[in-house]
Amino acid sequence: MYQDDYQRWLAADLDDLDLTTELLRIQGNDDEIKDRFAVELKFGTAGLRGVLGAGTNRMNIYVVRQATQGLANWVKTQGGSQTVAISYDSRIKSDVFAKTAAGVLAANGIQVRIYDSLNPVPALSFATRYYKCNAGIMVTASHNPSKYNGYKAYGPDGCQMTDDAAAVVYNEILKTDILDGAEYMSFSEGVEQGLIRFVGDDCKAAFFAAIEACQVRPGLCKTAGLKLVYSPLNGTGLIPVTTVLHDIGITDITIVPEQEYPNGYFTTCSYPNPEILDALKLGLTLAEESGADLMLATDPDADRVGIAMKCPDGTYELVNGNEMGVLLLDYICAGRIEKGTMPDRPIAVKSIVSTPLADAVAEHYGVEMRSVLTGFKWIGDQILQLEEAGEEDRFIFGFEESYGYLAGAYVRDKDAVVTSMLICEMAAYYRSIGSSIKQRLEEIYAQYGRYLNVVDSYEFPGLSGMDKMNDIMQGLRDDAPTEFAGHKVSRAIDYEEPDKTGLPSANVLIYKLDDGASIVVRPSGTEPKIKTYFTTLGKDLEEAKAEREDLTEALKPLLK
């Protein structure tokens with residue numbers, strides 16, 4: 001079957017010479033052909049993500065056309081504005097895929113609003129809402145290596161597509177022949193016919209205004225003298241992040257020169273993920289040379305942000321996603337109470353795999369903390385429920401441990417632009433009172449306890465990888481562990497049993513241990529990985545680390 005598909009692609013007059021060249025190169029190599037054609041990239045709530053190249057199991061213009069035709073079929077049943085917003089990041093062929101998607105939508109009679117240059121995830125979410133679109137498309141593979149690209153689909157609320165909508169779109173995709181089943185016109189023809197229009201300056205200005213309205217202490221940064229090193233990691237963050245920071249008064253910004261401008265090959269770091277040290281090394285060197293208060297980096301589609309904070313001894317320390325989530329929650333709560341801007345019955349939202357320290361901080365400030373499934377769409381869904389009740393102002397903050405944060409209801413996905421602003425404002429505030437982010441973090445640990453949160457990943461590549469992951473998860477269910485490293489499991493929670501959790505079904509297992517520690521096991525929704533999340537609580541960091549290491553070793557044999 002896959003050989004037949006390969007021969008059909010090889011015989012076709014493809015619109016992308018790169019694909020034809022690749023198909024000729026693998027001629028006669030069964031393994032290479034099988035890898036590209038034996039399966040198809042599956043469309044889900046996270047859209048599509050895959051390696052660039054030829055075939056049904058790769059990201060290319062034909063996969064994009066097919067996916068967009070499926071989306072167009074769904075849009076045409078929805079009524080409304082019959083409009084779709086499109087943005088794209090700096091990755092290889094992102095602009096090509098964005099214009100390809102626009103051409104399919106236009107050929108289906110659907111209006112398109114597309115950015116005239118690369119822009120981040122939150123800008124796409126904002127434009128989808130601003131123009132009252134039926135859907136949005138973001139061409140990105142987030143922080144994956146350069147050989148990947150992807151396609152995220154958004155609903156009319158600016159949140160990633162719901163399970164039900166994604167299932168309908170996927171069903172329409174399956175009905176669409178990948179090579180010739182999609183309606184298509186060239187981008188230029190769509191522009192000439194008035195079906196494709198660019199996002200206007202009014203929308204762009206409104207996006208920045210909405211972000212800047214989320215300041216906790218307006219005006220503070222103009223006099224704080226904060227010194228910042230920033231890296232967009234060759235992605236979309238440069239213009240929006242520096243625009244907002246300049247607007248609020250932060251002007252001493254040194255950009256990492258090698259990572260300043262768009263570069264889909266990410267030549268300075270093989271994995272452009274602000275969660276990892278390698279991606280921040282160049283920025284850290286600059287920070288050490290300049291004595292910056294803070295080093296900050298956003299990922300290629302600028303929905304995640306990572307930082308290194310300056311310590312009292314002049315060294316720099318990375319802040320993980322859980323720590324930053326807690327720091328921002330603490331800063332927002334304290335600041336809004338001080339300024340009298342805290343809403344009645346405030347709500348914060350976090351994912352179930354994020355630190356329970358956030359629950360303790362929320363309780364301290366009288367904030368209701370809601371826990372939702374992993375995936376920022378579930379945080380967006382909470383905001384939507386508040387919006388429908390006319391209470392969206394109650395939402396003050398949402399975060400995931402994977403470096404995604406949002407303050408404000410103006411978009412429905414992670415926003416590294418507003419987060420960069422708030423992190424810098426927070427750093428400027430602590431600097432102005434003779435403190436620092438590092439000092440405040442230690443104060444939080446002294447007040448609530450020394451929590452340690454660590455995430456490990458186990459990769460399962462290849463065509464058999466998903467089957468292996470499924471077997472491991474099923475094995476944990478069939479032969480449920482009763483203890484880890486001598487600590488008894490006091491409660492095991494299976495999120496595939498929604499009647500017991502109150503949340504939608506999800507392939508997640510959580511083990512609560514008798515000493516207050518916890519272990520979470522879940523397959524990644526976008527990569528061939530099983531992720532494990534450990535939370536330990538000790539009298540000091542060493543004790544928390546020791547237990548985490550013991551738990552890791554106890555879990556490893558169960559993940560083989």
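The closest side-chain heavy-atom distance from P300 to P272 is below 4.5 Å. The shortest side-chain heavy-atom distance between V454 and L452 falls under the 4.5 Å cut-off. Side-chain atoms of L118 and P262, non-hydrogen and from C-beta on, do get closer than 4.5 Å to each other. Looking only at side-chain heavy atoms (C-beta outward), I530 and V521 come within less than 4.5 Å of each other. Considering only heavy atoms from C-beta on, I472 stays 4.5 Å or farther from L558 through its side chain. You'll find the side chain of I352 stays beyond 4.5 Å of the side chain of V520, heavy atoms only. Side-chain contact between I253 and L245 is present, with at least one heavy-atom pair separated by less than 4.5 Å. For the pair S351/L373, no side-chain contact is recorded, criterion being any heavy-atom separation below 4.5 Å from C-beta on.
Counted within 6.0 Å of CZ on F198, heavy atoms from surrounding residues, nucleotides or ligands total more than 12; the atom is thus considered enclosed. Enclosure of atom NZ in K42 is not indicated, since only 12 or fewer non-hydrogen atoms of other residues, nucleotides or ligands lie within 6.0 angstrom. I239 CD1: 12 or fewer foreign heavy atoms inside a 6.0 Å radius. The 12-atom threshold is exceeded at OH of Y271, counting heavy atoms of other residues, nucleotides or ligands nearer than 6.0 Å.
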>> Between Y511 and F484, is the ring pair (Phe, Tyr, Trp, His ring centres under 6.0 Å) condition met? List the steps.
In response: CA-CA 9 Å; Y511 304 97; F484 292 94; 5.3 Å; yes
>> Run K152 and D303 through side-chain contact (heavy atoms from CB on, under 4.5 Å) and show every step you take.
In response: CA-CA 13 Å; K152 291 181 180 178; D303 63 353; 3.5 Å; yes
>> Set out, in order, the CA-CA distance, both residues' side-chain angles and the distance that settles side-chain contact (heavy atoms from CB on, under 4.5 Å) for I114 and V199, then state yes or no.
In response: CA-CA 6 Å; I114 186 170; V199 170; 5.9 Å; no
> Which is it for E368 and R394 under the salt bridge (charged side-chain N to carboxylate O under 4.0 Å, His left out) test, yes or no, and what are the steps along the way?
Replying inline: CA-CA 10 Å; E368 177 189 347; R394 292 176 62 196; 3.7 Å; yes
>> With side-chain contact (heavy atoms from CB on, under 4.5 Å) as the criterion, how do I437 and L294 come out once you've worked through the C-alpha distance, each side chain's angles and the decisive distance to 0.1 Å?
In response: CA-CA 9 Å; I437 292 178; L294 191 65; 4.0 Å; yes
>> Please evaluate residues S231 and Q259 with respect to the criterion side chain to side chain donor-acceptor pair (under 3.5 Å), reporting the C-alpha separation (whole Å), side-chain torsions for both, the decisive distance (0.1 Å), and the verdict.
In response: CA-CA 6 Å; S231 172; Q259 299 173 337; 2.5 Å; yes
>> Run L284 and L277 through side-chain contact (heavy atoms from CB on, under 4.5 Å) and show every step you take.
In response: CA-CA 9 Å; L284 282 168; L277 176 62; 3.4 Å; yes
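A donor atom on one side chain and an acceptor atom on the other are not found under 3.5 Å apart for E260 and Y230. Between the side chains of T535 and N453, at least one donor N or O sits under 3.5 Å from an acceptor N or O. A side-chain N or O of Y154 and one of D413 form a donor-acceptor pair less than 3.5 Å apart. Neither side chain, D415 nor T419, offers a donor N or O lying under 3.5 Å from an acceptor on the other. A side-chain donor from one of Y533 and R522 sits under 3.5 Å from a side-chain acceptor of the other. Neither side chain, Y405 nor E400, offers a donor N or O lying under 3.5 Å from an acceptor on the other. Side chains of T128 and S125: a donor-acceptor N/O pair is absent below 3.5 angstrom, by distance only.
With S94 as the partner, the side-chain hydrogen bond (donor to acceptor under 3.5 Å, both in side chains) test is satisfied by one option alone out of D89, T236, T140: D89. Of the candidates N119, D116, T243, K204 forms a side-chain hydrogen bond (donor to acceptor under 3.5 Å, both in side chains) with just one, namely D116.
Residues E401 and K350 are not paired through a salt bridge, judged by the lack of any N-O separation under 4.0 Å between the basic side chain and the carboxylate. Taking the charged nitrogens against the carboxylate oxygens, K414 and D301 have no contact shorter than 4.0 Å, which rules out a salt bridge. A salt bridge does not link K545 to E542: none of the charged side-chain nitrogens sits closer than 4.0 Å to a carboxylate oxygen. For the pair R58 and D35, the salt-bridge criterion is met [side-chain N within less than 4.0 Å of a carboxylate O]. For R440 and D330, the salt-bridge test passes: some basic side-chain N is under 4.0 Å from an acidic carboxylate O. For the pair E275 and R304, the salt-bridge criterion is met [side-chain N within less than 4.0 Å of a carboxylate O]. In summary, D18 and K93 engage in a salt bridge, as defined by a charged side-chain N under 4.0 Å from a carboxylate O. Salt bridge status for D456 with R548: present, with a side-chain N to carboxylate O gap under 4.0 Å. K227 has no carboxylate O lying under 4.0 Å from a charged side-chain N of D293, or vice versa, which leaves the two without a salt bridge.
Expressed to the nearest 0.5 Å, how far CE of M138 lies from OG of S87 amounts to 4.0 Å. L52 contributes atom CG, which lies 5.5 Å from atom CZ of F97 (distance to the nearest 0.5 angstrom). Atom CG of L537 is separated from atom OH of Y445 by 10.5 Å, given to the nearest 0.5 angstrom. Between atom CG of residue L551 and atom OG1 of residue T532 there is a gap of 10.0 Å, rounded to the nearest 0.5 Å. Here the straight-line distance linking atom OG1 of T268 with atom CG of L233 works out to 7.0 Å at 0.5 Å rounding. Atom CD1 of residue I379 and atom CZ of residue F399 lie 8.5 Å apart, to the nearest 0.5 angstrom.
Distance alone, capped at 3.5 Å, is enough to place a donor-acceptor pair between the E323 side chain and the N320 backbone. Judged purely by atom type and a 3.5 angstrom limit, N60 uses its side chain to pair as donor or acceptor with the backbone of V63. Between the side chain of Q215 and the backbone N or O of E212 there is at least one donor-acceptor pair closer than 3.5 Å. In this structure a side-chain-to-backbone donor-acceptor pair under 3.5 Å is missing from T355 to A358. Side chain of R91 to backbone of P145: a donor-acceptor contact under 3.5 angstrom is found. Here the side chain of S435 pairs no donor or acceptor atom with the backbone of R431 at under 3.5 angstrom.
Of all heavy-atom pairs between H246 and T251, the closest is CD2-CG2, 3.8 Å. Between Y115 and A123 the shortest heavy-atom distance is OH-O, 2.7 Å. Residue V229 comes nearest to A292 through the heavy atom pair CG2-CB, 3.8 Å, listed as atom of the first residue, atom of the second, then distance. For the residue pair I248 and K222, the shortest heavy atom distance occurs at O-CG, 3.6 Å. Scanning all heavy atoms of the two residues, the minimum distance from L296 to S420 falls at CD2-OG, 3.5 Å. Contact detail for P122 and A302: the closest heavy-atom pair is CD-O, 3.5 Å.
Note: F126 and Y410 have tilted aromatic rings, judged against thresholds of 30 and 60 degrees for the angle between ring planes.
Note that R217 lies in the cation-pi zone of Y429, set by a 6.0 Å cut-off to the ring centre and a 45° limit from the axis.
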